[in-house]
*Asks:* 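Below you'll find the structure I mean.
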Amino acid sequence: ADKRGPWEYRAAATRGSQTLRSQTWKVRASRLELKVGPQRLDLGKIKAGDEVDRKLTVDASSLDRREKLRLAMSDPDTEIRPRSASIGPDDRELDIVIAVDEGHPGGKREEKLTLEPTNPAFRGQDTEVVVTYEVEPLTFWERWGTLILAGLGILLGLIALVVIVYGLT
């Protein structure tokens, strides 16, 4: 077998000087060397219910084709979008959105963003980024005010309707 490029090999079965059969195949990398920057991502202050857009620099030059990654946050009150992404050897950036649930209790957080390859050949070769942020919880009126005012508006509308239909007497 002779090597024909970084991931391509060719083998031939011969008898004397006659080639009986030859085959070329591609060999996949057994190690995913995914370099993500920064290793520590600071999002600053986030209001509960809001979301933040960020770019992660990615170096996946060890890949010979596109691979899918599953993205996950360790905090259950925080959502990452997209949940999966496809990266290739020429990709340099990955756009992510981190959304904080409205019911988040608030406070300073240090969580892990995990980039996990879905290909079984790369199982266990996850890349982690530490994400720090401070969540400012919603006040009572920010969280429930719209619902309370809508309920009062419906109640006043029903009272007005009863007054119009039956009169004041």
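The residues of the chain are indexed from 1 along the displayed sequence.
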*Asks:* Hydrogens and angles aside, do Asp126 and Thr114 bring a side-chain donor and acceptor to less than 3.5 Å of each other?
*Replies:* no
*Asks:* Taking all heavy atoms of Asp77 and all of Pro105, pick out the closest pair and write down the distance.
*Replies:* OD2-CD, 3.6 Å
*Asks:* State plainly whether the residues Glu110 and Arg40 are in salt-bridge range, i.e. N to O under 4.0 Å.
*Replies:* yes
*Asks:* When Ile, Leu, Val, Met, Phe, Trp and Tyr are grouped by side-chain heavy atoms lying under 4.5 Å apart, directly or through other members, which residues fall in the same group as Ile154?
*Replies:* Leu158
*Asks:* Between Ser84 and Lys68, what is the shortest heavy-atom contact and its length?
*Replies:* OG-NZ, 3.9 Å
*Asks:* List, by chain and number, the other hydrophobic cluster members for Leu152, where Ile, Leu, Val, Met, Phe, Trp and Tyr join if side-chain heavy atoms come within less than 4.5 Å, directly or indirectly.
*Replies:* Phe140, Trp141, Trp144, Leu147, Ile148
*Asks:* Taking the side chain as C-beta and beyond, is there a heavy-atom pair between Asp95 and Asp53 under 4.5 Å?
*Replies:* no
*Asks:* Taking the hydrophobic residues Ile, Leu, Val, Met, Phe, Trp and Tyr, and joining any pair whose side-chain heavy atoms are under 4.5 Å apart, which ones share a cluster with Leu156?
*Replies:* none
*Asks:* Is it true that the side chains of Arg70 and Thr118 contain a donor and an acceptor less than 3.5 Å apart?
*Replies:* no
*Asks:* State, to 0.1 Å, how close Arg54 and Val52 come at their nearest heavy-atom pair, and which atoms those are.
*Replies:* NH1-CG1, 3.0 Å
*Asks:* Heavy-atom distance under 4.5 Å between the side chains of Ile96 and Arg81, does that happen here?
*Replies:* no
*Asks:* I'd like to check Gln125 versus Glu116 (side-chain heavy atoms, cut-off strictly below 4.5 Å). Are they in contact?
*Replies:* no
*Asks:* Would a 4.5 Å heavy-atom cut-off, applied to side chains only, mark Leu41 and Thr132 as touching?
*Replies:* no
